[in-house]
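Data first, discussion second: the structure below is written as structure tokens.
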Amino acid sequence: FWPDAKLSYQASAFYMRVEDKLVARRVGPDSYIGLNAGATTHQGLELSVKGQNILGRRRASYFPRIQPFVTYNYLNTRFEDFTDRGETYDGNRMPGTAPHFLKAGIRVIPYQQLRGNVHHKVSWRFRTEYRAAMPVNDENSSKAASYQLFHTGLQYRLETGPLHLELSARARNLTDVLYASMIVPN
């Protein structure tokens, strides 16, 4: 690491108990009613680490600035007291909530220059994200598959006085993975 290198991190944990949680019950095509699912618990952990100026300095443009990052979320949401039509779902995971989510990537700034009041910056980003399988119904008998995605992008930024110009090109889901980013439970 260079003397200008910095590493920042954040961590948080949470626990929440919800009384009288409302969930959707399908009653027909595109028709739902609210159903009282009793008590639910929501607990989790969020961790994040981010690097700044790895291998590069703010004032020198001859080394690229490298900024890696990683974030991880753990989410445990469960029915605590839920019975519907004679079926008990106590202890089941709440549908639509993945227990693990991981995002990691790197941003490289190979060129940055300040001349007078004109600032040029070029950056490249690469990011991956992973989402674990998640239940799609209250019974937890069916799950949406886990998936991993890869994204990249290139950006040019010009700043001069009040003028800010940014050009960017992005490519998402580079491996063309078929995935469900959102589900409708039950």
Side-chain angles (χ1 to χ4, degrees), residues 5-52 54 66-107 123 125-153 155 168 170-186:
K6 294 179 184 173
L7 196 61
S8 61
Y9 58 91
Q10 290 183 329
S12 62
F14 60 89
Y15 175 85
M16 178 174 61
R17 186 170 191 271
V18 177
E19 298 283 339
D20 299 320
K21 172 75 174 175
L22 289 178
V23 296
R25 178 196 291 160
R26 186 185 301 260
V27 293
D30 296 325
S31 298
Y32 297 87
I33 60 169
L35 182 66
N36 188 330
T40 59
T41 56
H42 306 253
Q43 56 189 352
L45 179 66
E46 298 175 349
L47 304 171
S48 164
V49 178
K50 184 175 168 185
Q52 290 285 336
I54 308 298
I66 298 176
Q67 301 170 330
F69 70 91
V70 62
T71 60
Y72 171 75
N73 296 348
Y74 169 73
L75 182 60
N76 185 8
T77 58
R78 296 192 180 263
F79 294 116
E80 195 174 287
D81 180 25
F82 179 29
T83 301
D84 181 36
R85 299 178 183 169
E87 293 290 324
T88 300
Y89 303 114
D90 298 359
N92 285 9
R93 289 190 175 277
M94 291 183 60
T97 58
H100 305 282
F101 179 71
L102 178 70
K103 185 168 36 173
I106 190 165
R107 180 177 180 208
S123 64
R125 295 175 191 216
F126 177 80
R127 185 181 78 191
T128 184
E129 58 187 72
Y130 167 80
R131 185 176 305 270
M134 64 182 134
V136 297
N137 57 23
D138 296 335
E139 299 86 9
N140 290 179
S141 60
S142 184
K143 290 186 175 186
S146 63
Y147 61 86
Q148 184 170 9
L149 304 175
F150 298 93
H151 315 294
T152 190
Q155 180 184 58
S168 62
R170 295 186 180 121
R172 296 183 50 85
N173 193 5
L174 296 173
T175 54
D176 199 26
V177 171
L178 184 62
Y179 67 99
S181 63
M182 189 171 78
I183 63 160
V184 179
N186 298 315

Minimum-distance pair of heavy atoms, taken over all atoms of [X] and [Y]:
| X | Y | answer |
| --- | --- | --- |
| A180 | I183 | CB-CG2, 4.3 Å |
| L7 | G51 | CD1-CA, 4.0 Å |
| P185 | Y32 | O-CE2, 4.3 Å |
| N36 | F82 | O-CE1, 3.9 Å |
| A98 | L75 | O-CB, 3.9 Å |

Which residues pass the side chain to side chain contact (heavy atoms under 4.5 Å, CB included) test with [X], not counting sequence neighbours?
| X | value |
| --- | --- |
| K50 | S8, Q52, F69 |
| T40 | V18, K21, H42, F79, M94 |
| S12 | E46 |
| A11 | L47 |

d(T77 OG1, N92 CG) to nearest 0.5 Å is 10.5 Å

In this structure, CZ of R125 is separated from CD1 of I106 (nearest 0.5 Å) by 12.0 Å

Distance only, no hydrogens: is a donor on one side chain within 3.5 Å (strictly under) of an acceptor on the other, for Q10 and S48? no

Any residue meeting side chain to side chain donor-acceptor pair (under 3.5 Å) with [X], in chain and number order, not counting sequence neighbours:
| X | answer |
| --- | --- |
| S141 | N137 |
| D176 | none |
| Y72 | H100 |
| N73 | none |

Other residues, nucleotides and ligands only: do more than 12 of their heavy atoms fall within 6.0 Å of CZ on F14?
yes

Check this for me: L178, atom CG, are more than 12 non-hydrogen atoms of other residues, nucleotides or ligands nearer than 6.0 Å? no

For residues 76-85, the salt bridge (Lys or Arg N to Asp or Glu O under 4.0 Å) pairs (sequence neighbours left out) are R17-E80, R25-D84

Could you list the donor-acceptor pairs under 3.5 angstrom formed between side-chain atoms of residues 127-136 and any protein atom two or more places apart in sequence or on another chain?
from, atom 1, to, atom 2, distance (Å)
R127, NH2, E129, OE1, 3.2
R127, NH2, H151, NE2, 3.4
T128, OG1, Q148, NE2, 3.0
T128, OG1, L149, O, 2.9
E129, OE1, H151, NE2, 3.4
R131, NE, Y147, OH, 3.1

Query - Side chain to side chain, P95 and D138, heavy atoms closer than 4.5 Å - result: yes

